[in-house]
Amino acid sequence: MSNKQARFYESVLANFDRAAAYSGLPSGLLKQIRACNAVYQMRFPVKIGNKYEVIEAYRVQHSHHRLPTKGGIRFSHHVNQEEVMALASLMTYKCAIVDVPFGGAKGGVKVSPRSYSENELERITRRYTTELIRKNFIGPGTDVPAPDYGTGPREMAWILDTYQVLKNGEIDALGCVTGKPVSHGGIAGRTEATGRGVFYGLREIVSYADDMAELGLKPGMKGKTIVIQGLGNVGTYTGSICQKEGGAIIVGVSEIEGTIYNKTGIDIDKLVKFRKKTGSILGFPGTTTLKERNDWVGIECDILIPAALESQIREDNADLVKAKIIGEAANGPVTDVAEDMLSKRGIVVVPDMYLNAGGVTVSYFEWLKNLSHMRFGRLQKRFDQNTYSNIVDIVEKTTGKKITNKEKAMIVRGADEVDLVRSGLEETMINAYKQIREIKKRKKKPITLREAAFLNALQKIASDYMQLGVFP
Ligand code: GLU
């Protein structure tokens, strides 16, 4: 195990301990919240080519205070037990912060997806699912996986199919996994959800004029300069939505092959197409390539968004940061030691457990859709449309004025599933930040946003435990 990965779990625990000290909660209860409840480590054989490979994999359920437990499955050659434990712990706090009624979990399969064919990945995913079923580590009421680094809707469809085959007749089987393709019981807007949530979160944070004044920034997303590390699902949607809906300027982008810069802005949608065609972000028209790949850390900008993996901003490079705000779109990209160094310099770190909670929020909506056996909007869309149309007709009749067909179409539209999902996500991100900000303001001693977010989660989890009668 590399030092970086070992530090990740330690860093999560250190952050927990720091916030726990302010919480006033009994130490027994804090110990229970802190610990990973169940760790399932497995090894299984999968035929690759004409040989068998023994695959190492995990599923960790961090907290059972609410069920099901919830969290993605990561496919990466870095996967190890401590990393999955750290990620599962973060899921518990994340769910509490956005009022998603789940415990936290996470899965990891130690494979590098790029080294396998689609067929081999399918066999690995199906075998992993079978192992989870055997030990009761998956199910709509027990533990519900989702995509994470290296997995997506395709893998979720394989998981669902394996589950349905082996659990024939289970009426709520569709709810055994989220992040599925819409054609297979998924929900519109899930794929973009984490990135869209990052946008709603950052937009809310930069909307407070007094907070921004402390950082020497003007309020509002428009014109803010942003650097993104990682053009995977989260980085791509974050960049594209901040740019298109927020009017932000993406001045730098970093990927495995290197880092590019353009102070007047990089069009993310065009960059993604360029990378698909050429296999690299380097050479994208109008940009310059920085000397080292890791130079993204030191680019001058308002908001730095690490959207790839953990432990990217560490003791050894935190001093290079020139941004005013770091938005943790990835899980654990800033180590605890680095955060101390950044905080001393007045740089605000927006914690992962709040900022990237959009994914699990929309997973929750998907799970509810699956359990209700009906798409959102089916009941009221037509009704709303007819009501709005009647209102417009009456207004036109009484005023004697007519609006254009285009205006009418805009007003009388009933909400589709994707509209409801986006509005539910927006409401969730705004509301959660208000709660965190309130806690931060209430404390006499200055605390970080991460400490405030942790305190918010701890209060909610503690009250759940007390209601369960576990800790009177
Ligand atoms: N893997 C995502 C996360 O880290 C989503 C989890 C989920 O939807 O359950 O939050």
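Just so you know, ligand 1 is whichever comes first in the structure, and atom 1 is the first atom listed for that ligand. On a predicted model such as this, the values are computed, not experimentally measured, just so you know.
Under 4.0 Å is where a charged nitrogen must lie from a carboxylate oxygen, and between E83 and R74 at least one such pair does. With respect to the salt-bridge test (charged N to carboxylate O, under 4.0 angstrom), the residues R450 and D352 qualify. Under 4.0 Å is where a charged nitrogen must lie from a carboxylate oxygen, and between R203 and E245 no such pair does.
Listed by first then second residue, pairs satisfying ring-ring contact (aromatic ring centres under 6.0 Å, His included) with a partner in residues 95-116 read F102-Y364, F102-W367, not counting sequence neighbours.
Sorted by chain and number, the heavy-atom contacts of ligand 1 below 4.0 Å come from K70, G71, G72, M91, K94, K106, A146, P147, D148, R190, N331, G359, V360, S363.
Note that CD1 of I124 and CD of E155 are 10.0 Å apart. Values are rounded to the nearest 0.5 Å.
None of N37, D143, T142, T92 except one satisfies the side chain to side chain donor-acceptor pair (under 3.5 Å) rule with Q61; the exception is D143.
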